[in-house]
Amino acid sequence: MRLAYVTLQGRGRTDTLIAAVANQLQMDGVRLAGTVQSNIERPDRRKCDMDLMILPQGPIVRISEDRGDLARGCTLDSGALEQSVAEVQQRLSGSDMLIVNKFGKREAEGKGLVPVIGDAVDLGIPILVGVNGLNLAAFLAFAGEEALALPTDVASVVQWCRQSIVAETV
């Protein structure tokens, strides 16, 4: 199994890294399945809007709910996330790599993209996961000793992805 993760401090930084890696891999002709998140700041809201692009070419799904400017808790739209999971699941077979933008709250609960990660493991597809600090312990408990922490620069992550894809095809 080839499973690696990246984690960066700072809101949206892991998303930006994952998006850059996915973009580079797609330009190289790698067949991707998975998700890339965009955070859209709104001047009239404390919370940003969260959109997921389903790899390789969309659709883009809004996974946040607008609960107003005073919202303090989680704004994740679980139904929209599950719709995204179904889209990724359909695209997994025949892909070279799975990219999971975030091992978040739903994944820490054993939901979200966790079943897709399991299927990728079964199919021998390398997996790259973004993990935020809040859910790192849950991710490591889920992944066990198999998970590899990668450096947090695009070139190093892309290199690991390319090597993992070649290793799986040999």
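All values below come from the heavy atoms of this structure, side chains included, with hydrogens, waters and symmetry mates left out. Predicted model, so just to flag it, every value in this text is computed and none were measured.
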So do Asp51 and Gln37 actually touch side chain to side chain, heavy atoms under 4.5 Å? no
Between Glu87 and Arg91, does at least one N-O distance fall below 4.0 Å, as a salt bridge requires? yes
Minimal non-hydrogen separation, Ala22 against Leu32, with atom names: O-CD1, 3.6 Å
Gap between atom NZ of Lys102 and atom CZ of Phe139 - 0.5 Å precision: 14.5 Å
Taking the side chain as C-beta and beyond, is there a heavy-atom pair between Ile125 and Asp96 under 4.5 Å? no
So, do Arg162 and Gln24 sit near enough that their side-chain heavy atoms are less than 4.5 Å apart? yes
Pairwise distance CG(Leu128) to CG(Leu17) - rounded to 0.5 angstrom: 7.5 Å
Could you grab the distance from atom CD of Gln83 to atom CG of Leu52, nearest 0.5 Å is fine? 10.0 Å
How would you list, by chain and number, every residue that makes a salt bridge (charged side-chain N to carboxylate O under 4.0 Å, His left out) with Asp119, sequence neighbours excluded? none
With side chains defined as the heavy atoms from C-beta onward, is the minimum distance between Val88 and Leu92 less than 4.5 Å? no
Side-chain heavy atoms of Asp15 within contact of Asn101, under 4.5 Å: yes
For Ser156 and Asp153, run side chain to side chain contact (heavy atoms under 4.5 Å, CB included): C-alpha distance rounded to whole Å, both residues' side-chain angles, the deciding distance at 0.1 Å, then the answer. CA-CA 6 Å; Ser156 295; Asp153 64 280; 2.9 Å; yes
Rounded at 0.5 Å granularity, tell me how far CZ in Arg31 sits from CG in Leu55. 14.0 Å
When rounded to the nearest 0.5 angstrom, what distance separates OG1 in Thr152 from CZ in Arg13? 7.0 Å
Give me the one residue out of Arg106, Lys111, Lys105 that meets side chain to side chain donor-acceptor pair (under 3.5 Å) with Glu109. Arg106
Between CD1 of Ile60 and CE of Met53, what distance do you get to the nearest 0.5 Å? 6.5 Å
Side chains of Arg2 and Glu146, heavy atoms from C-beta outward: is any pair under 4.5 Å? no
Identify the two heavy atoms, one from Thr7 and one from Gly133, that lie closest to each other, and give their separation to 0.1 Å. OG1-N, 4.0 Å
For Leu134, is there any backbone N or O sitting under 3.5 Å from a side-chain donor or acceptor partner on Asn132? yes
Taking every heavy atom of Phe103 against every heavy atom of Asn135, the minimum-distance pair comes out as O-CB, 3.4 Å
When you compare the side chain of Ile99 with that of Thr35, does any pair of heavy atoms fall below 4.5 Å? no
Sequence neighbours excluded, which residues qualify as side chain to side chain contact (heavy atoms under 4.5 Å, CB included) partners of Thr14? Val6, Leu8, Ile18
Out of Val157, Val100, Leu140, Leu150, which one pairs with Tyr5 under the side-chain contact (heavy atoms from CB on, under 4.5 Å) rule? Leu140
Can you check whether Glu107 reaches Phe142 side chain to side chain, under 4.5 Å on heavy atoms? no
